[in-house]
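Letters A, B, ... are given to chains in the order of the sequence lines, protein chains preceding strands, and every chain is numbered from 1. On a predicted model such as this, the values are computed, not experimentally measured, just so you know.
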2 protein chains.
Amino acid sequence: MTNADSVRIRVFSLNCWGIRFLSKLCTERYAMIGDMLCKEEHDIVLLQEVWSEKDYLFLKKKLSLSHPHSHYFKSGVIGSGLAMFSKHRIRDTFLYRFSLNGYPYMAHHGDWFGGKAVGMAVLSIGSLTANVYVTHLHAEYCREKDSYLPHRVVQAWELQQFVRHTSAGADVVILGGDLNMHPQDLGNRLLRSYTGLRDAYLETDTFNGCEDGVTLIADNPFINKKELGPFEKGIRIDYILFKGSSKVDVFCDSMSTTKGSVPDHPFPYSDHEALMAELRLVSHTPVETGREKCIKEKDSAAGRVAELVDIVTEARTEVKVGLHCTESMRYTAARTGVMGLALLLLELAIAAVPWLALGAEQPFPLTSFYLLAALCFAILLTTFMLYILYTMELKSLQGAEDQMRLAVGSLQENLRGFPLAQPHVSLRKPPEGVSVLDQEE
Amino acid sequence: MTNADSVRIRVFSLNCWGIRFLSKLCTERYAMIGDMLCKEEHDIVLLQEVWSEKDYLFLKKKLSLSHPHSHYFKSGVIGSGLAMFSKHRIRDTFLYRFSLNGYPYMAHHGDWFGGKAVGMAVLSIGSLTANVYVTHLHAEYCREKDSYLPHRVVQAWELQQFVRHTSAGADVVILGGDLNMHPQDLGNRLLRSYTGLRDAYLETDTFNGCEDGVTLIADNPFINKKELGPFEKGIRIDYILFKGSSKVDVFCDSMSTTKGSVPDHPFPYSDHEALMAELRLVSHTPVETGREKCIKEKDSAAGRVAELVDIVTEARTEVKVGLHCTESMRYTAARTGVMGLALLLLELAIAAVPWLALGAEQPFPLTSFYLLAALCFAILLTTFMLYILYTMELKSLQGAEDQMRLAVGSLQENLRGFPLAQPHVSLRKPPEGVSVLDQEE
């Protein structure tokens with residue numbers, strides 16, 4: 001597959017929907033996935049929602065010949081669900097766990113227990129170094145009233161930071177996974193603009209798959225049509241992204257997705273469609289180092305920087321909305337806790353009366369007394385734990401907001417070199433609701 | 001301070017011991033620290049244990065002229081305690097929170113609530129890019145029976161991963177902070193060997209400070225001598241580490257520490273001694289890129305790789321010991337939970353007898369019944385939460401262990417190019433207790 005100075009690699013990504021005993025036909029689907037991967041021999045396989053390590057080990061055994069290198073990323077209570085198989089040697093791995101990922105009490109959504117993260121592997125593809133990332137962001141359960149939006153924006157922020165800061169030494173960068181975001185969603189724009197990663201679906205020469213590249217489709221028998229809401233045609237939330245470096249140019253020659261069914265099988269691999277992209281890596285003599293090129297690219301594109309300022313500002317607004325929300329939830333938890341404490345003290349005071357005035361009749365039936373006391377304790381304990389939880393969420397949101405403020409400042413500093421681009425930024429209206437400047441340094 | 005092609009920068013690091021209302025003379029000490037920093041005008045100030053944001057803001061205000069750039073790293077319930085002040089522009093920041101950091105029920109140790117992490121800032125020093133890291137690892141409360149050792153080893157592992165993967169694009173790398181490890185401790189060797197970071201104390205031409213560079217000393221009035229145990233002279237646990245790149249050589253011209261007191265003041269800045277290192281950055285024309293030099297350095301030093309294999313193997317053993325410990329703690333939690341459940345069911349069964357055989361006397365006094373039921377519930381809830389906690393710990397330990405196994409394999413692969421070095425590795429005895437090979441791929 002290697003030309004004089006070009007290498008072709010095939011990248012595969014699939015959300016496997018692998019919740020044992022809950023996902024339909026889980027075992028059968030893993031067997032199908034294993035057969036297909038074994039036969040197709042993609043260079044890099046990026047899997048999400050492989051929640052059970054047993055299923056990973058099953059695949060690992062099955063793919064031991066076709067994909068001798070693999071890694072399963074562990075995190076959280078259940079695991080990150082992220083797995084990677086490769087024909088090329090995995091030199092190194094690293095995991096970054098997102099600081100925000102839903103709430104433990106939203107157990108029916110389950111995201112918190114999954115320990116969502118981004119996994120990185122450093123691969124040797126011939127003489128090239130490829131940084132390959134696999135990730136899965138927090139699900140969107142209700143697009144109209146998406147209480148997890150700040151969490152997903154912070155995840156996208158951390159994802160772009162992680163990719164940007166860890167990929168300086170790489171010749172090729174590939175990211176695949178279920179981003180749980182529509183193509184033009186804030187987090188997606190943030191990720192692509194900041195890292196310079198390009199969307200294989202938008203870059204490909206030939207595409208074979210569902211219309212508009214959607215990966216959640218109504219034709220998939222595992223999908224409840226209601227989930228798609230107004231997007232009857234489907235939603236594109238799974239991606240393969242890539243970028244080259246000063247040493248290597250990357251092109252996407254072709255891309256394909258499954259279309260809700262698999263030939264000769266009664267059901268598809270998963271409730272998501274699978275993605276496959278064929279990338280061509282073309283080496284050339286570096287004329288400047290990666291960072292210099294990076295800086296040059298940044299500096300030469302004032303418009304891009306100005307756009308980035310807008311996107312980061314929008315993200316910052318979203319995070320601030322989340323901050324206000326979390327603050328009020330923490331306040332509610334604290335208030336409820338104080339009420340529980342007051343109730344407990346009141347009860348104790350009433351109970352103390354006959355004890356102090358010896359002989360007076362016990363005003364409480366004993367059963368009610370214990371039940372009420374237990375209720376008060378339960379309230380106190382719950383609100384205390386919620387308070388801790390919301391405090392941690394606040395810290396993460398504040399941290400992200402601080403970093404975003406710094407980033408905007410840094411980007412605007414860059415823009416000073418572009419007098420023409422400046423007005424675009426300074427004339428920009430502040431986002432509605434929250435002023436961007438109120439916490440400015 | 002700039003020669004033709006060399007730059008001098010002064011780096012300061014201090015664990016501020018800033019627990020409001022608990023640390024002695026906290027406000028007074030912050031005022032002293034602020035005055036000194038304002039006067040000394042170090043280029044980069046790395047502070048740990050700035051637990052209260054108010055104290056950070058106090059310092060920020062005080063240092064607004066001398067150090068116009070600053071960042072406070074937020075994480076966990078209380079915060080990471082990490083703060084950075086700089087005379088040079090901070091272009092970007094990023095925070096990595098360690099996956100393991102003690103236990104929430106060890107509230108008196110408090111580490112879990114602090115959200116220990118490593119903070120990174122990308123600084124522009126003239127035309128150079130410096131990646132500056134500040135960190136604080138889990139404390140060592142008892143060296144003889146250190147139940148947190150696996151946590152600290154995993155933290156050191158993640159720290160070296162973070163530094164290594166994020167610093168490929170940097171011209172200079174500086175790390176400062178309270179590592180809570182003696183100079184030859186496993187985690188310290190892991191960090192230095194893997195990243196190539198050099199210890200300013202060992203590299204400096206002139207040193208002015210406590211004997212052996214210790215930073216926890218008996219002469220400090222805030223120190224309880226018992227804490228030092230057999231190390232009466234003191235312990236060196238605070239460090240400034242650095243390395244250059246293909247473009248820049250870094251030298252440590254001088255280093256100093258405080259010596260348990262501050263002239264003209266009745267007490268020192270903190271219970272730790274402060275560190276100051278003067279680094280000289282000498283630029284030269286790059287003859288090869290950072291990664292190439294890195295690879296070359298690695299490849300040219302077979303001995304170093306072999307040593308690294310030993311260190312990672314030792315770390316892996318330590319993590320495995322932690323794994324066994326955590327597994328047995330999780331087992332105990334599960335068993336206690338099952339016993340609580342059995343007790344509850346037994347109680348309900350006994351209480352159900354008179355209910356089924358109508359008219360029979362209630363065998364339980366009502367008070368005991370409710371108290372016992374409450375106890376059972378408390379046991380069930382506690383053990384359930386402990387089970388979740390230990391499961392998360394297990395995932396993190398397993399994840400680190402997997403990565404270490406991969407790293408050893410990768411390093412050994414490198415070693416195949418050095419036939420002379422190979423015997424050193426293959427003849428190495430497996431560590432006692434746990435076989436390294438039992439989970440080999």
Side-chain angles (χ1 to χ4, degrees), chain A residues 71-80 89-97 99 104 113 115 120 122 129 131 158 161-162 164-171 246-247 286 289-291 294 366-367 370-371 373-374 377 381 388 391-392 394-400 402-403 406-407 410 413 441, chain B residues 70-80 89-97 99 104 113 115 120 122 129 131 158 161-162 164-171 246-247 286 289-291 294 366-367 370-371 373-374 377 381 388 391-392 394-400 402-403 406-407 410 413:
Chain A
H71 193 75
Y72 187 58
F73 293 95
K74 285 165 189 153
S75 125
V77 183
I78 305 170
S80 69
R89 197 155 70 80
I90 297 180
R91 281 217 314 260
D92 214 343
T93 57
F94 191 27
L95 183 76
Y96 181 87
R97 194 172 158 190
S99 66
F113 292 89
M120 173 181 115
V122 182
T129 297
N131 276 23
E158 292 177 346
Q161 284 187 310
F162 186 70
R164 209 157 40 87
H165 289 300
T166 55
S167 62
D171 302 316
S246 60
K247 274 174 72 183
T289 70
R291 176 170 288 272
C294 181
L366 214 54
T367 314
Y370 283 112
L371 281 180
F377 271 115
L381 187 71
I388 297 269
T391 303
M392 285 166 74
L394 272 182
K395 291 277 172 202
S396 293
L397 286 167
Q398 284 168 351
D402 284 351
Q403 290 171 344
L406 189 86
S410 218
E413 190 95 2
E441 276 183 302
Chain B
S70 68
H71 193 76
Y72 188 59
F73 294 95
K74 285 164 188 153
S75 123
V77 184
I78 304 172
S80 69
R89 196 156 72 80
I90 298 179
R91 282 216 314 259
D92 213 344
T93 58
F94 190 27
L95 183 77
Y96 181 88
R97 194 171 159 190
S99 65
F113 292 89
M120 171 181 117
V122 182
T129 297
N131 275 23
E158 291 176 345
Q161 283 187 311
F162 186 70
R164 208 156 41 86
H165 289 300
T166 56
S167 62
D171 302 317
S246 60
K247 275 173 72 183
T289 70
R291 176 170 288 271
C294 181
L366 215 53
T367 315
Y370 282 113
L371 280 179
F377 271 114
L381 188 71
I388 297 270
T391 303
M392 286 167 73
L394 272 182
K395 291 276 172 198
S396 294
L397 286 167
Q398 284 167 353
D402 284 350
Q403 290 171 343
L406 189 85
S410 218
E413 190 94 359

Self-check item: Top of A:Met120, A:Arg97, A:Arg89 for chain B proximity - count of heavy-atom pairs under 4.5 angstrom
Solution: A:Arg89
Exercise. Go through A:Ala407, A:Ser75, A:Ser396 and name the one with the most non-hydrogen pairs under 4.5 angstrom from chain B.
Key: A:Ser75
[X] versus [Y], closest heavy-atom pair with distance:
X	Y	value
A:Gly169	B:Ala168	N-CB, 3.5 Å
B:Met392	A:Val77	CG-CG2, 3.4 Å
B:Lys74	A:Asp402	NZ-OD2, 2.6 Å

Counting C-beta onward and ignoring hydrogens, is there a side-chain heavy-atom pair between [X] and [Y] closer than 4.5 Å?
X	Y	answer
A:His71	B:Gln403	yes
B:Leu381	A:Leu381	yes
B:Tyr370	A:Leu371	yes
B:Phe162	A:Tyr96	no
B:Asp92	A:His165	yes

Practice problem: Please flag which part of B:Ile90 lies under 4.5 Å from any non-hydrogen atom of chain A: side chain, backbone, both or neither. | Solution: both
Self-check item: Interatomic spacing from OG1 in B:Thr93 to CD in A:Gln161 - rounded to 0.5 Å
Solution: 6.5 Å
Quiz item: Nearest 0.5 Å, what's the CZ-OG1 distance between A:Phe113 and B:Thr391?
Solution: 10.5 Å
